[in-house]
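One structure is given here, and the rest of the page talks about it.
Every heavy atom of this structure was used, including side-chain atoms; hydrogens, water molecules and symmetry mates were not. Predicted model only: the values in this text are computed from it and were never measured. Chain letters run A, B, ... following the sequence lines, proteins first and then strands; every chain starts at 1.
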Protein chains: 2
Amino acid sequence: MVRRTSLKEADCPVARALDAIGDWWSLLIIRDAFSEARRFGEFQKSLGVAKGILSARLRNLVELGILEIAPASDGSAYQEYVLTEKGRGLFVVIAGLRQWGEEHCYEPGEPHSALIDNETRQPVGRLELRSADGRVLGPLNTSVRLNPMPPAKPSGRP
Amino acid sequence: MVRRTSLKEADCPVARALDAIGDWWSLLIIRDAFSEARRFGEFQKSLGVAKGILSARLRNLVELGILEIAPASDGSAYQEYVLTEKGRGLFVVIAGLRQWGEEHCYEPGEPHSALIDNETRQPVGRLELRSADGRVLGPLNTSVRLNPMPPAKPSGRP
DNA sequence: CCGTATCCATTCCGATACTG
DNA sequence: CAGTATCGGAATGGATACGG
């Protein structure tokens with residue numbers, strides 16, 4: 001990766017998550033994996049990424065336990081890349097990116113597809129973050145501290 | 001940015017979103033902006049990022065309408081960077097990354113903070129994606145197509 | 001304190017050629 | 001089709017020096 005300073009050991013879940021999948025291609029690979037993409041060529045064609053980069057990204061995602069290698073479902077002697085449970089846990093992240101992209105990354109009149117439930121064929125609602133008591137903390141709520149750095153500032157002097 | 005092929009015009013909200021904030025630093029900057037960071041030096045100290053990179057990222061985020069420049073709240077003659085509504089819309093994305101990071105990026109015994117509501121001081125629940133009829137589509141639900149590429153494959157042959 | 005500009009090592013990206 | 005190896009160009013990342 002490009003970054004010199006690793007965030008793997010940072011004391012922040014967001015930083016650790018971004019250290020794992022915060023590059024430009026990994027989340028798009030995972031997005032396709034949530035669809036039906038499984039084969040090297042499927043990812044390659046869908047993303048238009050260089051094969052060398054895709055190879056490195058897939059290897060990294062397997063190493064991190066986000067994807068796992070399975071024998072080909074058809075007869076071919078190659079391998080398939082399928083999401084693990086850890087990988088499927090990224091569903092909310094990608095769904096959140098998709099919601100935000102739909103709302104803020106298209107021109108006013110520009111058409112764009114909506115998030116559809118494949119089973120009911122109905123549009124889905126919005127992502128909601130609920131408090132333990134059931135209160136919806138909503139996308140605009142900022143009373144939740146996303147950065148776990150409490151005022152650890154010592155008031156006394158050394 | 002690093003990527004040569006721009007995804008700004010891709011026909012996928014996820015790709016467009018990642019084109020905007022899919023690099024290594026932008027989401028961390030936004031994370032800090034959700035806390036109390038507003039000044040150049042605050043971001044710089046919190047992230048440990050090179051000043052040149054931070055300058056470029058902040059400029060890009062302002063240009064995209066995710067941050068906006070406000071006059072300093074204190075007396076100083078400098079500027080502050082505050083989230084716009086578009087930027088605050090990324091709340092669910094960062095909260096999702098944080099949830100995933102908490103669950104999958106720490107060693108079994110390794111301590112880590114939980115997502116706490118600053119008002120009630122209670123831990124918050126999980127992110128939920130609800131269908132239009134109220135059904136919870138949950139983090140592991142895959143019946144929602146995240147990649148808007150319907151089976152546009154023509155069945156007939158040319 | 002804020003922000004830009006410069007230098008340099010490292011890495012990524014894209015394209016291509018190559019082996020099974 | 002699947003995956004690796006290599007090459008050149010471009011941008012990042014880190015450090016530092018420089019003006020406002």
Side-chain angles (χ1 to χ4, degrees), chain A residues 1-10 15 18-29 32-33 36-64 67-82, chain B residues 1-10 15 18-29 32-33 36-63 67-82 153:
Chain A
M1 304 302 184
V2 164
R3 202 197 300 103
R4 235 59 65 72
T5 60
S6 171
L7 299 177
K8 274 194 185 61
E9 322 217 337
L18 288 175
D19 191 86
I21 46 82
D23 70 278
W24 265 307
W25 291 115
S26 293
L27 278 173
L28 290 173
I29 292 171
D32 284 351
E36 71 282 357
R38 287 162 171 256
R39 298 281 282 267
F40 190 94
E42 290 179 303
F43 292 107
Q44 213 262 320
K45 193 192 311 183
S46 167
L47 300 173
V49 62
K51 294 162 81 172
I53 300 293
L54 176 60
S55 177
R57 290 292 182 277
L58 287 173
R59 199 178 321 140
N60 184 244
L61 291 172
V62 169
E63 189 179 349
L64 291 173
L67 295 178
E68 65 185 350
I69 293 179
S73 52
D74 59 350
S76 65
Y78 303 113
Q79 34 196 6
E80 300 190 340
Y81 302 88
V82 298
Chain B
M1 304 301 186
V2 164
R3 202 197 299 102
R4 238 56 67 70
T5 61
S6 171
L7 299 177
K8 273 194 185 64
E9 321 218 338
L18 289 175
D19 191 86
I21 46 82
D23 68 277
W24 265 308
W25 292 114
S26 293
L27 278 174
L28 290 173
I29 292 172
D32 285 351
E36 70 282 357
R38 287 161 171 256
R39 298 283 282 266
F40 189 93
E42 289 179 302
F43 292 106
Q44 213 262 320
K45 192 192 311 183
S46 166
L47 301 174
V49 62
K51 293 161 82 173
I53 300 293
L54 176 60
S55 178
R57 290 292 183 278
L58 287 173
R59 199 178 322 136
N60 184 244
L61 290 172
V62 169
E63 189 178 350
L67 295 178
E68 64 184 351
I69 295 180
S73 53
D74 59 352
S76 64
Y78 304 113
Q79 35 196 6
E80 299 189 342
Y81 302 87
V82 297
K153 190 184 304 174

Where do B/A72 and B/R39 come nearest, in terms of heavy atoms and distance? CB-NH1, 4.5 Å

Write down the distance between [atom1] ([X]) and [atom2] ([N]), rounded to a whole number of angstrom.
X	N	atom1	atom2	answer
B/L61	C/dG3	CG	P	14 Å
B/L54	D/dG14	CG	C1'	13 Å
A/I53	D/dG9	CD1	P	17 Å
A/N60	C/dC13	CG	P	12 Å
B/R59	D/dA11	CZ	C1'	14 Å
A/K51	D/dT6	NZ	P	16 Å

[options]: which one has an atom nearest the side-chain heavy atoms of [X]?
X	options	result
B/W24	C/dG3, D/dG13, C/dA17	D/dG13
B/R57	D/dT12, C/dG3, D/dG3	D/dT12
A/Y78	D/dG13, D/dA2, C/dA15	D/dA2
B/R39	C/dC1, D/dG3, D/dG13	C/dC1
A/V49	C/dG14, D/dT16, C/dA17	C/dG14

Can you find a side chain N or O atom of A/W25 that sits less than 4.0 Å from OP1 or OP2 on C/dC13? yes

Should B/Y81 be listed as having a side-chain N or O under 4.0 Å from OP1 or OP2 of C/dG3? yes

Which residue, B/A56 or A/A50, contacts DNA chain C at a nucleotide closer to its 5' end, judged by nearest heavy atom?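 Mapping each residue to its closest nucleotide by heavy atoms, the 5'-most match is B/A56.
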
For the pair A/Q44 (side chain) and A/V49 (backbone), establish whether a donor and an acceptor sit closer than 3.5 Å, ignoring hydrogens and angles.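 Side chain of A/Q44 to backbone of A/V49: a pair is present.
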
Show every salt bridge (Lys or Arg N to Asp or Glu O under 4.0 Å) that has at least one partner inside residues 40-51 of chain B, sequence neighbours left out.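 Every candidate salt bridge (Lys or Arg N to Asp or Glu O under 4.0 Å) pair involving residues 40-51 of chain B fails, so no pair, neighbours aside, qualifies.
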
Heavy-atom side-chain proximity of A/L58 to A/I69 below 4.5 angstrom: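 A/L58 vs A/I69: side chains apart.
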
Answer with base, sugar-phosphate or nothing: what part of the nucleic acid does B/F43 contact at a heavy-atom distance below 4.0 Å?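 No contact at all - B/F43 keeps every heavy atom at 4.0 Å or more from the nucleic acid.
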
What's A/Q44 touching, base or sugar-phosphate or nothing? Going by heavy atoms closer than 4.0 Å.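 The residue A/Q44 makes no contact with any strand.
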
A quick test of your reading: do over 12 heavy atoms of other residues, nucleotides or ligands sit less than 6.0 Å from CZ of A/R38? no

